[in-house]
Amino acid sequence: MAEETKAVRATAKTRLRRWLRFLRTRARELKMIGKALVSTKHPILVHIIPMRQCNLACTYCNEYDDFSKPVPLEEMKKRLDALADMGTSIITISGGEPLMHPDLDEVIRHMRRRGMIAGLITNGFYLNKERIERLNAAGLEHLQISIDNVVPDEVSKKSLKTLDGRLVMLSQYAVFQVNINSVLGSGVKDPEDALKIAHRAVALGFTSTVGIIHDNNGQLKPLGPQEQEIFEEVMALGKRSFSRFNEFQHNVARGKEHNWRCRSGSRYLYICEDGLVHWCSQQRGYPGIPLAEYTPEMRHREYSTKKFCAPRCTVSCVQQVGILDNWRDPQNLKPTPMTRPAAPTAELVQIGQARSDS
């Protein structure tokens with residue numbers, strides 16, 4: 001295994017700040033669940049992209065390019081205001097690599113000012129003590145890093161070896177919650193890496209989850225016997241995370257279709273860098289409507305629309321949102337044909353396998 005950086009315990013002041021933020025965030029999350037159970041008229045979770053450019057070029061990823069400019073701050077604020085006005089509970093910033101955005105701290109502050117829970121998915125390469133303290137000050141509540149292997153290879157540089165020092169800094173200085181996501185599935189050379197990564201995450205005081213690599217359409221790829229055994233071990237380590245409620249992941253691991261009601265386009269929204277609404281990261285292009293024009297009627301229709309990709313979906317964040325509504329309101333509508341051409345966008349890099357870090 002790659003040599004681990006020696007962990008240094010956080011100061012008493014940092015531990016107190018972390019505990020207080022955790023309690024406030026957990027209270028807001030419980031309020032979010034109550035609000036979602038009472039009403040189906042607002043989005044629960046939105047993924048928003050402030051920057052498509054990334055500093056890495058992982059060969060499985062179809063969610064980045066190497067040239068896009070950041071979305072201007074004022075435009076980001078307009079989009080966040082529109083989402084807040086819809087009643088959105090949680091916003092997770094993703095990319096590309098969002099830490100490359102020059103105004104990310106102010107984006108997070110604006111999310112918090114508008115009363116939304118603030119999350120961030122990053123590859124972690126830009127983290128250092130000063131950057132972590134800035135995220136603390138901005139009010140970040142959740143951060144996730146997906147680590148693909150123990151030692152970097154030609155597929156991914158997001159390894160425990162390259163990121164372990166930054167994980168130690170997070171354990172020392174972060175007052176927000178940190179989750180480390182490991183991966184299993186085809187293209188992963190050593191399934192044991194996922195278990196090593198999960199154990200390291202837990203040892204540093206983080207939550208741990210595991211994702212299963214899907215194909216370019218976000219669809220099912222069953223695990224082999226060894227991988228299934230490792231998957232169950234990692235899931236057991238993640239008992240502190242909300243992911244423990246994701247029974248669908250066990251179906252995914254066994255290659256089984258699952259029966260659920262995908263509420264993407266309604267309870268879950270994916271907002272790309274061009275400000276268009278999509279079902280999710282793996283179904284970009286539909287409905288492809290500008291956020292400013294996305295009406296409550298459109299959200300209501302998508303809530304009742306049966307998604308063709310749902311039975312074999314592996315996009316975990318959408319599945320988590322679906323848990324709150326799976327027990328009610330059967331879906332009996334079909335997707336409407338697209339009536340407007342998609343906005344011109346640069347073609348994203350699409351090499352090999354795709355995977356969601358949600």
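Numbering starts at 1 and runs along the sequence shown.
Leu104 and Val175 are not part of a single hydrophobic cluster, where members link through side-chain heavy atoms under 4.5 Å apart. Phe176 and Leu16 are not part of a single hydrophobic cluster, where members link through side-chain heavy atoms under 4.5 Å apart. In the hydrophobic cluster analysis, where Ile, Leu, Val, Met, Phe, Trp and Tyr join through side-chain heavy atoms closer than 4.5 angstrom, Tyr303 is grouped apart from Leu291. Under the 4.5 Å side-chain heavy-atom criterion for ILVMFWY residues, a single connected hydrophobic cluster contains both Tyr126 and Ile180. At a threshold of 4.5 Å between side-chain heavy atoms, the hydrophobic network of Ile, Leu, Val, Met, Phe, Trp and Tyr places Trp19 and Phe206 in two separate groups.
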Candidate pair Arg131 and Asp105, rule side-chain contact (heavy atoms from CB on, under 4.5 Å), full reasoning: CA-CA 10 Å; Arg131 196 69 184 86; Asp105 297 352; 2.9 Å; yes

I'd like to know whether Glu75 forms a salt bridge (charged side-chain N to carboxylate O under 4.0 Å, His left out) with Arg79, so could you lay out the CA-CA distance, the side-chain angles of the two residues, the decisive distance to 0.1 Å, and finally the verdict. CA-CA 6 Å; Glu75 179 59 32; Arg79 295 175 189 178; 3.0 Å; yes

Do Gln172 and Lys129 pass the side-chain contact (heavy atoms from CB on, under 4.5 Å) test, and can you show the C-alpha distance, the side-chain angles, and the key distance before you say yes or no? CA-CA 9 Å; Gln172 286 181 258; Lys129 178 182 177 182; over 6 Å; no

Checking side-chain contact (heavy atoms from CB on, under 4.5 Å) for the pair Asp65/Gln53: CA distance, chi angles, key distance, verdict? CA-CA 5 Å; Asp65 64 34; Gln53 187 176 351; 3.9 Å; yes

Stepwise side-chain contact (heavy atoms from CB on, under 4.5 Å) check, Leu204 with Val178: CA-CA 10 Å; Leu204 289 171; Val178 177; over 6 Å; no

Apply salt bridge (charged side-chain N to carboxylate O under 4.0 Å, His left out) to the pair Asp148 and Lys189, showing each step before the final yes or no. CA-CA 10 Å; Asp148 300 328; Lys189 291 182 178 180; over 6 Å; no

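Panel note: side chain Arg112, backbone Gly139; a donor-acceptor pair is recorded below 3.5 Å. At least one donor-acceptor pair closer than 3.5 Å links the side chain of Thr88 to the backbone N or O of Leu83. Judged by distance alone, the side chain of Tyr294 and the main-chain N or O of Gly265 form a donor-acceptor pair under 3.5 Å. Here the side chain of Lys77 pairs no donor or acceptor atom with the backbone of His110 at under 3.5 angstrom. Between the side chain of Arg52 and the main chain of Glu273, no donor-acceptor pair closer than 3.5 Å is present. Judged by distance alone, the side chain of Asp193 and the main-chain N or O of Val150 form a donor-acceptor pair under 3.5 Å. When atom types are taken as modelled, the side chain of Ser159 and the backbone of Val151 share no donor-acceptor pair closer than 3.5 angstrom. Looking only at distances, no side-chain donor or acceptor of Arg263 sits under 3.5 Å from a matching main-chain atom of Gly322. When atom types are taken as modelled, the side chain of Glu293 and the backbone of Pro290 share no donor-acceptor pair closer than 3.5 angstrom. Between the side chain of Arg21 and the main chain of Asn136, a donor-acceptor pair closer than 3.5 Å is present.
Below 30°, between 30° and 60°, or above 60°: for His278 and Tyr270 the angle between ring planes is above 60°, a perpendicular geometry.
Residues Gln319 and Cys313 approach most closely at NE2-O, 3.5 Å, considering heavy atoms. Residues Asn123 and Lys158 come closest through the heavy atom pair CB-CD, 3.6 Å. The nearest pair of heavy atoms linking Ser208 to Val202 is CB-CG2, 4.2 Å. Of all heavy-atom pairs between Ala174 and Thr14, the closest is O-CG2, 4.2 Å. Residues Val318 and Trp260 approach most closely at O-CZ3, 3.7 Å, considering heavy atoms. The minimum heavy-atom distance linking Pro287 with Val277 is given by the pair CD-O, 3.5 Å.
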Taking distance alone, no hydrogens or angles, what donor-acceptor pairs closer than 3.5 Å link side-chain atoms of residues 30-37 to residues at least two apart or in another chain?
unit_1: Lys35; atom_1: NZ; unit_2: Gly87; atom_2: O; d: 2.8

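Remark: Ser182 OG to Arg200 CZ distance equals 14.5 Å, nearest 0.5 Å. Distance check, rounded to the nearest 0.5 Å: CZ of Arg18 to OG of Ser171 gives 7.0 Å. Of the inter-residue distances, the one linking Glu302 atom CD with Thr336 atom OG1 reads 6.0 Å to the nearest 0.5 angstrom. Rounded to the nearest 0.5 angstrom, Leu163 CG and Met169 CE are separated by 9.5 Å. From Ile48, atom CD1 reaches atom CE of Met76 across 4.0 Å, with rounding to the nearest 0.5 Å. One distance of note links CD1 of Ile90 with SG of Cys317; it measures 11.0 Å at 0.5 Å rounding.
Of the candidates Arg28, Arg26, Arg24, Arg28 is the only one forming a salt bridge (Lys or Arg N to Asp or Glu O under 4.0 Å) with Glu141. With respect to Tyr268, the side-chain contact (heavy atoms from CB on, under 4.5 Å) criterion is satisfied by exactly one of Cys280, Pro43, Cys262: Cys280.
No side-chain heavy atom of Asn179 sits less than 4.5 Å from a side-chain heavy atom of His142. Between Arg267 and His42, some side-chain heavy-atom pair lies under the 4.5 Å cut-off. Between Val183 and Ser146 there is a side-chain heavy-atom pair separated by less than 4.5 Å. Contact check for Ser304 versus Arg301: no side-chain heavy atoms found under the 4.5 Å cut-off. Counting only heavy atoms from C-beta outward, the side chains of Gln177 and Thr207 never approach each other to under 4.5 Å. No side-chain heavy atom of Asp190 sits less than 4.5 Å from a side-chain heavy atom of Asn149. For the pair Leu167 and Leu160, the minimum side-chain heavy-atom distance is below 4.5 Å. Counting only heavy atoms from C-beta outward, the side chains of Met86 and Arg299 approach each other to under 4.5 Å.
Around NE2 of His300, the count of heavy atoms belonging to other residues, nucleotides or ligands within 6.0 Å does not exceed 12. Annotation: Arg9, atom CZ; neighbour count of heavy atoms from other residues, nucleotides and ligands within 6.0 Å does not exceed 12. Atom CG of Asn259 sits in a sparse spot, with 12 or fewer heavy atoms from other residues, nucleotides or ligands closer than 6.0 Å.
For residues 75-102, the set of pairs meeting the ring-ring contact (aromatic ring centres under 6.0 Å, His included) definition, not counting sequence neighbours, is empty.
No salt bridge links Glu74 with Lys78; every basic N to acidic carboxylate O contact stays at or beyond 4.0 Å. A salt bridge links Arg134 to Glu130: at least one charged side-chain nitrogen sits closer than 4.0 Å to a carboxylate oxygen. The pair Glu106-Arg109 meets the salt-bridge criterion, since a charged nitrogen lies less than 4.0 angstrom from a carboxylate oxygen.
Checked by atom type, the side-chain pair Glu97/Thr122 shows a donor-acceptor distance below 3.5 Å.
Remark: Arg166 qualifies as a cation-pi partner of Phe125 under the 6.0 Å distance and 45° angle criteria applied to the six-membered ring.
A search for salt bridge (charged side-chain N to carboxylate O under 4.0 Å, His left out) contacts involving Arg15 returns nothing, not counting sequence neighbours.
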